[in-house]
Structure formats: structure tokens, C-alpha cells
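Here the structure is a predicted model, which is why all the values come from computation and not from measurement. Throughout, a chain's letter reflects where its sequence line sits, starting with A, and its residues are numbered from 1. Below, all heavy atoms of this structure are taken into account, side chains as well, without hydrogens, waters or symmetry copies.
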2 protein chains.
Amino acid sequence: MKQPVQQRTLKTRARLLAAAEQVIAAQGFEALRVDQVVANAGVAKGTFFAHFTDKDALMAQLIGSRINTALDMIEEQPTPNDVDEIVQALAPLMALMTCERYVFDVILRHSGAAMAEEIGPIAETFGRFQTVLEGWLKDAPVRRDVPVAMLAEGVGAFFIQVIALHFCALHSDVDMPARLAPWLRAWLLPPA
Amino acid sequence: MKQPVQQRTLKTRARLLAAAEQVIAAQGFEALRVDQVVANAGVAKGTFFAHFTDKDALMAQLIGSRINTALDMIEEQPTPNDVDEIVQALAPLMALMTCERYVFDVILRHSGAAMAEEIGPIAETFGRFQTVLEGWLKDAPVRRDVPVAMLAEGVGAFFIQVIALHFCALHSDVDMPARLAPWLRAWLLPPA
DNA sequence: GTTCAAAATTGACCGTGGTCAATAAAAAAT
DNA sequence: ATTTTTTATTGACCACGGTCAATTTTGAAC
């Protein structure tokens, strides 16, 4: 009653991921084609779907891993002390999420857990994001009439909204972190 | 230099829309297939794409029209006077946006104008939604340290967030309008 | 009525994501 | 070593959205 993962399996998976990264590096996420990936990896198409339930699952893993890298960067920096520093600190994540419209769509689609038992890699990063925000807000000089968790979720909501706005052609030129600041000020620091 | 729309065109378009509505009524939005629509409408596949740039455009039109119907209902009711009444008033729109995950995805994808010149039917409804909210908030007993437009956009952001949360299996059971209220209270009525 | 240019319609065809019965390779049992 | 069972891989095949050169329909001009 054991099913130890075969070496072969890991190797194939790694080849697929490497092939995918290669395509993305060359042409971006949106242009990725499964046929291209399996060709580069030197495996049959069916093999791809033995490793990933669908193309979106591969995307979720790849993008999730990048979000985690961004969160690593964010956590390495000192705790921000005011809204401007928060906005500043979130810049890497924002840059990632605005790099391609397609990427943002994938993230939105996967930001919630699809089923209670199985939380995907992107939903996981949202949990982590939430935790980071809560850590910052816990001791920051912000309103206290609302639980920290709610405060953090609100920041997340405005964060997403600002990015969504970025993809309206009308608003895409102005620099984005700057656009987030007024929202966070209004949300976190109501008038005393 | 004239291109009066032919009768034929309008008739065909109407047949396509009716066929689509029929499929949706029977099986929902997600199950709609272009082949099914053209079969029901009795036209060739190419005709479909002469009338709609792609399947998403049909969806946007159909969903946009339902959003407008919901907004009509909302506007007919008396102006809400507090957060609970606002939440109550938004119920029809919320019901529509949570009816299918696929519908919500389409809405999110189209909520912003794709290009400056061409605003799609769904983006249009978002503008209308914004206007309705501003009308309510203009004379409501809410914070005034932030412009009404920003207040309304914030309500929109929390509205979307609550719906997104609904599609996380973990949170899907609790009733939704109730979930929105605490957010709006915190956003609109900071402590005096 | 006939002619003719513009507009609408057609359907064979393509690209791409995804399936699955058949096969090959690896591990376990003998 | 040989057989058996389990696991990984294969590639022909399907479903579905979307394209486009060829064809038909329309209606205005004569």
C-alpha cells in the first residue's frame, strides 16, 4: 500500500516546469502553449496532463511561486511605519501583478480556495499576504475600532482594485503605488 | 456613403440572442456553447462571429443587460438611509453576480474599459453603479473627509470583495448581504 | 426588369486545450 | 531470473472557439 514517487516522475515534472519557464521568459505568460511546453520538454502531450490537471494549474504554480518570491522580498525589508512606506513595500507585488493582464486574470481566478480541502498555490499566497499585512498593522498607528484582520483584508481589497483600475486603458499611465496611497490613508487613518 | 442596417441583420441578431437566452435558461451561462446557439438560431457559425466579436462579447451583452435590469430595480426603490438599507438595496445585484462563478469571472474581466474609446456593456453598468452609489452617499450621514466619488468606489471594492469571498468554498454558506454590512460600516462611518 | 456594388451569410478549416485506451517502464512478488 | 502488479508515458482523437475565401441576398440606380 505504498506509492513512493518515482524518480522519473520528478524529472519529468522538472523538465515540464523548466520548459514552461523558458517559453515564458521568451514570450510571456499569455503566449504560452501547452504544445510548445511539451515539445521543449521532449514529452508527449498526455504527460503534461498527468502532471497538471490543466494549463491553469501550471500557471497557478508558476505565478504562485513568483508571488512567494515577491513576498520574500517584502518580508526581508524592515516593517513599514506609515501608509507611504506600506505602499512602497508592496511595490514588488504590484509590479508582478500588473506585468500582464493575463497574469492578473489567473490570479483573480485562483485567489480563493476552490474547495475547502484543496487550497491552490495562489490562494496560499493570499493567505500569506494577509498574514504579512496583519503583522504590519498590528503595531502600526492606525485605527483600532476594527479588528486587525479586517483592516488587512480591506488593504487587500483596495490593492486589488487599484490593479484592476490599472488595466482600464483610461487610467493605465499614472504610477500605481501612488494611486494606492490615498485609499489606504482613508481606510486606515480615519479622522481623529 | 450609407450603410443602413438591413432588416435581415436585426432579425438574425435577435434570433441569436433569443437562442442564447434559451440555452442559458435551460443550462446556465457556463454551459453555453456557440455551436448550440447557432444551431438553435438556425444560422451558420460564421454568422455568429459577424455579429459578436467573440463568445465573451455575447456574454458581456447578456450579462450587462441583466445588470442593468438589477440597477433598474435598485433605482426604483427609495434611497437607502443607512448601511443596512444600502446593503439591502444592493441585494438584487449581489444575487445576480453570485449566481454562477463563470458569470462573476466574465464581469471581472469586463469591468474595466478595454480601450479608451470603446466601453463595453459591462463597464458601462459599472459606471452606472458608481453613479447610483454617489447619489445615495451624497446626502447620507457618512464621513465627509473623503470625496463622495472615492467613497462610492470604495463601496464598489468591498462589494466585489465580498462576492469573491463567496466563491471560496470556505465562506460560501453564510448569507452575503449580511457579510457586506460590517465592511461598509467601517468604511463609511469611522468613529467620530 | 436588369445590373451591380455593398452587406450578410455560409461552412470547411484551423489552433489549442484536454481525454483516454493502449503501451512501456519500474517496482514487487515468486 | 521470471512473472505480476503498479505507475508513467504515449499519441491519436475529440470539443470548442474562432477565421476567411467563396457565395448569396439586398436594395439602389438605371
- Does B:Arg33 have a side-chain nitrogen or oxygen under 4.0 Å from the phosphate oxygens OP1 or OP2 of D:dC16? yes
- Query: Hey, is A:Asp105 close enough to A:Arg101 for a salt bridge, meaning N to O under 4.0 Å?
  - Reply: yes
- Considering only heavy atoms from C-beta outward, does the side chain of B:Leu165 approach that of B:Met176 to under 4.5 Å? no
- Message: Does atom CD (B:Glu75) have a neighbourhood of more than 12 heavy atoms from anything else shown, all under 6.0 Å?
- Response: yes
- Are B:Arg185 and B:Asp82 close enough for a salt bridge, meaning some N to O gap below 4.0 Å? no
- Indicate yes or no: at least one non-hydrogen side-chain atom of B:Leu58 is less than 4.5 angstrom from one of B:Leu17. yes
- Looking at every strand, decide which applies to B:Leu10 at a 4.0 Å heavy-atom threshold: base, sugar-phosphate, or nothing. nothing
- Would you please classify the geometry between the B:Phe48 ring and the B:Phe52 ring as parallel, tilted or perpendicular, with 30° and 60° separating the classes? tilted
- Over 60° means perpendicular and under 30° means parallel, so classify the ring planes of A:Trp183 and A:Phe158, tilted if in between. parallel
- Message: Near DNA chain C, counting only heavy atoms under 4.0 Å, which residues of residues 49-60 of chain A show up?
- Response: A:Phe49, A:Asp54, A:Lys55
- Message: Below 30° counts as parallel, above 60° as perpendicular, anything between as tilted: where do the rings of A:Phe159 and A:Phe129 land?
- Response: tilted
Distances for protein N/O vs nucleotides 11-13 of chain D N/O pairs under 3.5 angstrom?
residue	atom	partner	partner atom	Å
D:dG11	O6	A:Gly46	N	3.4

- Task: Name every residue in residues 23-31 of chain A that has at least one heavy atom under 4.0 Å from any atom of DNA chain C, in order of residue number, or write none if there are no such residues.
- Result: none
- How long is the line joining CG of B:Asp35 and P of C:dC14, in whole Å? 17 Å
- Could you check how far CZ of B:Phe48 sits from P of D:dG17, rounded to whole Å? 8 Å
- Query: Whole-Å distance between C:dA8 P and B:Gln7 CD?
  - Reply: 12 Å
- Message: Looking only at the side chains, is there a donor atom on one of A:Asp84 and A:Gln88 sitting less than 3.5 Å from an acceptor on the other?
- Response: no
- Query: Are the charged groups of A:Asp35 and A:Arg33 less than 4.0 angstrom apart, N to O?
  - Reply: no
- Message: Tell me whether B:Met150 at atom CE has more than 12 heavy atoms from other residues, nucleotides or ligands lying less than 6.0 Å away.
- Response: yes
- Item | Gap between atoms CZ and C1', on A:Arg8 and D:dT6 respectively (whole Å) | 11 Å
- How many Å lie between CG on A:Leu32 and P on C:dG15, as a whole number? 18 Å
- Query: Is the shortest side-chain N/O distance from B:Thr12 to OP1 or OP2 of C:dT9 below 4.0 Å?
  - Reply: yes
